[in-house]
Amino acid sequence: MTSAPAVLVVGAGPVGLTLALELARRDTPVRVIDAAAGPAPTSRALATHARTLETYDQMGVLPAMLALGRRVEAFTLHQNGARLARLGANYRRLPTRFPYTLMIDQQRTEQVLTAALSRHGVEVEWGVALEHLTRRPDGVDVELRDGAGPQRLRVPWLVGCDGGHSTVRKQLDLRLIGESTETWLIADAEVEADLAQDSIHWLRTRAGTLMAVPYPEPGRWRLLDTTAAAQGGADADATDTDTIDPDAVAARFSARLGDGLGSPVRVATPTWVSVFTIQQRLLPDMRAGRCFVAGDAAHVHSPASGQGMNTGIQDA
């Protein structure tokens, strides 16, 4: 059986990277594996809140995050072509040194965390999948598989940071409890519109509600349509689905945003489209012996307030 580090982290998203970095900073031997061939080419999480910025500051990665992100200063409400209100998003009355939301796409967040982890001598092992685990009183026996074949080792501790479809959670037979609600469509695209990019925008139209969230890059937005899968005809549980025509999505958002703003809007063909059913679920217990789960493996949220990645990083 192969020798092992003190902690095996399964999953190299923001949660797994945060956990591994915090362990490495404390001189705890850690190994990070991920079944994917490499970092994700798209970004799920975007909003980074004050408590997470405080955590980044403690970890020593805050300056790099701030340099790559955009501060959001307001929340603007629109209805049927009229701007109703621009609400300030300054949280200086709260006990934090970072009274704002930082918009930084998940790809950049992962790049910063991966670089920091590398400086501590730990590299992510891509293309290494957890096949099986067996709990022991003094550790966890695991079977991994990569391009060279299977590996077997015993680790003192194992943490599953492997997302909503977590293999670790399933292997531990832990069950998420909660409910599913409405289905949303999400798209990332360049947008030509009269939208201030220092604000999140909530637009009520005759056909339903839209949200526009700014990316750090000028003119790039995350768009959310809350009306029953946006009539996309896709499986409600699908993600990164190929069954939706991105040009049709662009046309739909162009018309709907124009209706909400009362002016012409052009949405370019999205670089990413996903349809998903909002989940509100969590585990009653995030630990089983010497195994833990964290982030989306342990709890899943509506994306409306951007809490998924933030709570996961705080788990780690």
Side-chain angles (χ1 to χ4, degrees), residues 2 4-46 48 52 55-56 59-62 64-65 68-69 104-133 140 142-148 150-151 153 155-172 239-240 272 274 286 290-300 308-316:
T2 305
V7 183
L8 177 65
V9 175
V10 182
V15 178
L17 293 171
T18 297
L19 176 62
L21 179 55
E22 288 297 84
L23 291 168
R25 289 178 60 228
R26 291 161 175 81
D27 298 321
T28 300
V30 59
R31 180 179 179 185
V32 187
I33 64 169
D34 197 297
T42 56
S43 296
R44 273 64 171 176
L46 185 59
T48 304
T52 305
T55 300
Y56 287 163
M59 295 166 63
V61 297
L62 181 64
M65 297 290 187
L68 295 173
I104 174 171
D105 41 314
Q106 183 175 328
Q107 286 177 290
R108 295 182 176 192
T109 296
E110 291 177 359
Q111 289 167 4
V112 171
L113 294 173
T114 299
L117 187 60
S118 181
R119 289 194 292 272
H120 284 272
V122 180
E123 304 293 338
V124 175
E125 299 177 42
W126 297 105
V128 181
L130 173 71
E131 296 272 298
H132 186 72
L133 69 84
V140 189
V142 298
E143 182 175 323
L144 310 178
R145 182 172 294 276
D146 61 14
Q151 305 174 34
L153 64 155
V155 293
W157 301 94
L158 182 146
V159 188
C161 305
D162 49 344
H165 299 287
S166 171
T167 298
V168 173
R169 184 184 68 233
K170 293 172 183 175
Q171 290 274 325
L172 295 172
T239 57
D240 298 332
W272 176 56
S274 180
M286 294 168 64
R290 286 177 169 262
C291 298
F292 293 84
V293 286
D296 286 353
H299 43 79
V300 289
M309 182 189 71
N310 288 272
T311 54
I313 286 171
Q314 291 165 48
D315 291 345

Practice problem: Go through Leu130 and Glu143 one step at a time and tell me if the side chain to side chain contact (heavy atoms under 4.5 Å, CB included) criterion holds. | Solution: CA-CA 6 Å; Leu130 173 71; Glu143 182 175 323; over 6 Å; no
Report, one line per pair, each donor and acceptor closer than 3.5 Å where one atom sits in a side chain of residues 32-41; sequence neighbours left out.
from, atom 1, to, atom 2, distance (Å)
Asp34, OD1, Ala36, N, 2.9
Asp34, OD2, Ala12, N, 2.8

Exercise. Please identify each residue that fulfils side chain to side chain contact (heavy atoms under 4.5 Å, CB included) with Ala316, with sequence neighbours left out.
Key: Val15, Thr18, Leu19
Quiz prompt | Short side-chain donor-acceptor distance under 3.5 Å, Gln111 and Gln107 | solution = no
Exercise. Calculate, to the nearest 0.5 Å, the distance between atoms CZ and CG belonging to Phe292 and Leu158 respectively.
Key: 10.5 Å
Quiz prompt | Test applied, side chain to side chain contact (heavy atoms under 4.5 Å, CB included); reference residue, Leu21; option that passes from Val122, Val61, Val30 | solution = Val61
Self-check item: Side chains of Asp315 and His299, donor plus acceptor under 3.5 Å
Solution: yes
Self-check item: Pairing residues for Ser166 by the side-chain hydrogen bond (donor to acceptor under 3.5 Å, both in side chains) criterion, not counting sequence neighbours
Solution: Asp162
Quiz item: Looking at residues at least two apart in the chain, or sitting in another chain, which of them share a side chain to side chain contact (heavy atoms under 4.5 Å, CB included) with Gln171?
Solution: His132, Leu133, Thr167
Exercise. Kindly state each residue pair satisfying salt bridge (Lys or Arg N to Asp or Glu O under 4.0 Å) with at least one member in residues 113-126, sequence neighbours excluded.
Key: Arg31-Glu125
Quiz item: What residues, two or more places apart in sequence or in another chain, satisfy side-chain hydrogen bond (donor to acceptor under 3.5 Å, both in side chains) together with Glu22?
Solution: Arg25, Arg26
Practice problem: Report the residues that fulfil salt bridge (charged side-chain N to carboxylate O under 4.0 Å, His left out) with Asp105, sequence neighbours left out, ordered by chain and then residue number. | Solution: Arg108
Self-check item: Partners passing side-chain hydrogen bond (donor to acceptor under 3.5 Å, both in side chains) against Arg290 (at least two apart in sequence or in another chain)
Solution: none
Quiz item: Do you know the tightest heavy-atom contact between Val140 and Cys291?
Solution: CG2-SG, 3.6 Å
Quiz item: Which atom pair, heavy atoms only, marks the closest approach of Leu144 to Glu131?
Solution: C-CG, 4.3 Å
Self-check item: Qualifying residues under side chain to side chain contact (heavy atoms under 4.5 Å, CB included), relative to Asn310, sequence neighbours excluded
Solution: Thr48, His49, Thr52, Gln307, Gln314
